[in-house]
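Since the structure comes first, as structure tokens, the remarks are kept for the end.
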Amino acid sequence: MSASRTVICLLRNDLRLHDNEVFHWAQRNADHIIPLYCFDPRHYQGTYHFNFPKTGPFRLRFLLDSVKDLRATLRKRGSTLLVRQGKPEDVVSDLIQQLGSVTAVAFHEEVASEEKTVEKKLKAICCQNKVKVQTFWGSTLYHRADLPFSHIGGLPDVYTQFRKVVEGQGRVRPVLSTPEQVKSLPLGLEEGTIPTFEGLGQTGTLIYITVWLYSAGIGNDPRENRKFNMIKQGLDYDNNVSSSFYKSLTVIALVTIKPRELALTGFMSNRGRQNVASFLTKDLCLDWRLGAEWFEYLLVDHDVCSNYGNWLYSAGIGNDPRENRKFNMIKQGLDYDNNGDYVRQWVPELRGIKGGDVHMPWTLSNSALSHAQVSLNETYPSPVIIAPEWSRHVNNKSEGRAHLTHQDNKDRGIDFYFSKNKSF
DNA sequence: AATGGCTTGCA
DNA sequence: GCAAGCCAT
């Protein structure tokens with residue numbers, strides 16, 4: 001009788017049983033399966049340049065929910081999820097020693113340097129112990145091996161070129177079946193407790209949320225007033241990020257929304273991400289890495305390639321074939337929030353301003369401002385910079401031009417890319 | 001409109 | 001001849 005085969009399925013950014021090639025392969029090649037997730041301490045340190053928490057509260061909450069859900073799913077099917085706190089390479093090494101015989105370690109391959117470093121260390125551990133390493137590709141709609149390019153050098157630099165070829169010739173692989181019963185774990189392994197939100201060092205990050213709750217007029221705890229006033233005065237209240245960074249982002253109403261929306265929800269629309277990136281890099285001339293690490297910290301759907309690639313692109317040092325491209329913040333505001341409802345929802349201090357004028361409070365007359373109960377530099381800041389191209393979209397009533405209602409502008413809407421009428 | 005063709009203005 | 005501006009898909 002041959003020895004029983006044990007496979008460790010190391011979960012990474014693929015915390016699911018359904019449509020998961022790691023489980024799919026292990027079901028066919030193992031007698032015992034060990035589903036494993038490791039809370040890697042490196043994911044809870046500061047970001048490289050600006051020391052934001054690398055995993056913010058929204059993504060951590062989602063991660064904890066996903067781990068709990070996968071464990072419950074596996075338990076229903078005769079298995080469970082082993083949970084450990086530690087580096088995957090150390091945890092896997094310990095498991096191999098403890099069990100004496102492991103046939104293979106299976107996991108989804110990633111592409112960024114920190115993830116690759118983990119993979120290299122895992123492979124070295126497995127090599128030393130004569131354990132097979134089985135990797136899979138599973139985080140893109142089109143499988144890497146199915147791309148309609150003969151070699152990686154044939155991959156277009158420009159996104160639209162890639163999209164057109166792939167939409168025309170690409171093939172999306174069918175969903176893999178979900179096993180009814182998952183092969184059992186070997187005996188004698190501790191299941192491991194799932195760490196808590198607080199246990200992973202998430203208390204400090206709540207400062208940002210309460211500050212922005214307060215500034216959005218939603219929170220009213222007077223204890224937060226002090227923190228907010230420190231920001232208002234441009235003082236650092238935290239070692240991580242200068243408050244002047246946040247303050248500078250409050251210049252334009254459309255951009256003011258974003259830190260609030262992001263800090264409160266962990267989400268920002270695609271359009272918002274592009275606008276914030278353009279404003280931060282092209283108007284404020286700040287280091288794009290500040291924006292990239294800020295997004296990495298807060299976005300619930302953060303992805304290394306999308307985030308860093310898009311910030312590079314926005315900063316003008318990516319694969320854009322055209323130079324000196326930047327967004328006109330006022331045009332964007334009028335295109336996507338033509339009557340200003342979105343601004344008024346998130347920026348209550350400007351709610352007295354009617355219509356699209358809410359995108360340009362500094363251009364309004366004193367009487368219009370006082371009627372709207374807005375006092376520039378008191379209830380809302382004046383711009384620290386004004387880009388010349390904004391004037392093309394700013395109403396200039398003092399020059400006697402006809403009042404533009406912007407009703408002629410096509411309001412594309414925030415969900416332009418998801419329009420049901422659009423044929424792809 | 002996550003591109004790119006065409007026009008404009010100046011060296 | 002080139003960079004920047006305009007603007008339609």
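Just so it is clear, the model here is predicted, and its values are computed rather than measured. Each chain gets a letter, A, B and so on, in the order the sequences are listed, and its residues count up from 1.
A distance-only check finds a donor-acceptor pair linking the side chain of A:Thr140 to the backbone of A:Tyr142 [under 3.5 Å]. Listed for the A:Thr379 side chain is no donor-acceptor partner under 3.5 Å among the backbone atoms of A:Glu349. In terms of modelled atom types and a separation under 3.5 Å, the side chain of A:Asp157 and the main chain of A:Asn319 share no donor-acceptor contact. At distances below 3.5 Å, not a single donor-acceptor pair connects side-chain atoms of A:Asp283 with backbone N or O atoms of A:Ala387.
Cation-pi geometry between A:Arg289 and A:Tyr308 is not met: the NZ or CZ atom fails to fall both under 6.0 Å from the ring centre and inside 45° of the normal.
With rounding to whole Å, A:Lys282 atom NZ is found 13 Å from B:dA2 atom P. When rounded to the nearest whole Å, the span between CD of A:Gln332 and P of C:dC7 equals 16 Å. Between the CG atom of A:Asp157 and the C1' atom of B:dA2 there is a distance of 14 Å, rounded to whole Å. Between A:Asn310 atom CG and B:dA2 atom P there is a gap of 11 Å when expressed in whole angstrom units. Protein atom CZ of A:Phe162 is 20 Å distant from nucleotide atom C1' of B:dG4, rounded to whole Å. A:Glu389 places its CD atom 20 Å from the P atom of C:dA3, with the value rounded to the nearest Å. Taking atom CZ of A:Arg325 as the reference point, atom C1' of C:dG5 lies 12 Å away to the nearest angstrom. When rounded to the nearest whole Å, the span between CD of A:Gln161 and P of C:dT9 equals 20 Å.
Under 3.5 Å, the side chains of A:Asn270 and A:Gln274 contain a donor-acceptor pair of N or O atoms.
When the options A:Arg42, A:Lys54, A:Lys121, A:Arg12 are evaluated for a salt bridge (charged side-chain N to carboxylate O under 4.0 Å, His left out) with A:Glu114, the one that passes is A:Lys54.
Aromatic ring pairs are classed by plane angle as parallel below 30°, tilted from 30° to 60° and perpendicular above 60°; the pair A:Phe39 and A:Tyr37 is perpendicular.
Checking the phosphate oxygens (OP1, OP2) of B:dA2, no side-chain nitrogen or oxygen of A:Arg273 falls inside 4.0 Å. Put simply, A:Thr160 has no side-chain N or O that comes within less than 4.0 Å of OP1 or OP2 on B:dA2. Contact between the side-chain N/O atoms of A:Tyr159 and the OP1/OP2 oxygens of B:dG4 is not found at any separation under 4.0 Å.
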Point to revise | Protein-to-nucleotide contact annotation, 5' to 3' order, nucleotides 5-11 of chain B [B base; S sugar-phosphate only; - none; under 4.0 Å, heavy atom] | key: BB-----

Study note, to complete from the structure: Intra- and inter-strand pairing of DNA chain B, written as dot-bracket with Watson-Crick and G-U pairs under 3.5 Å and | for the latter, reads ..||||||||.

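Of the residues near DNA chain B, A:Pro321 and A:Phe327, the one whose nearest nucleotide (by heavy atom distance) lies more toward the 5' end is A:Phe327.
Checked against side-chain contact (heavy atoms from CB on, under 4.5 Å), A:Ala277 has the following partners two or more places apart in sequence or in another chain: A:Trp311, A:Ser314.
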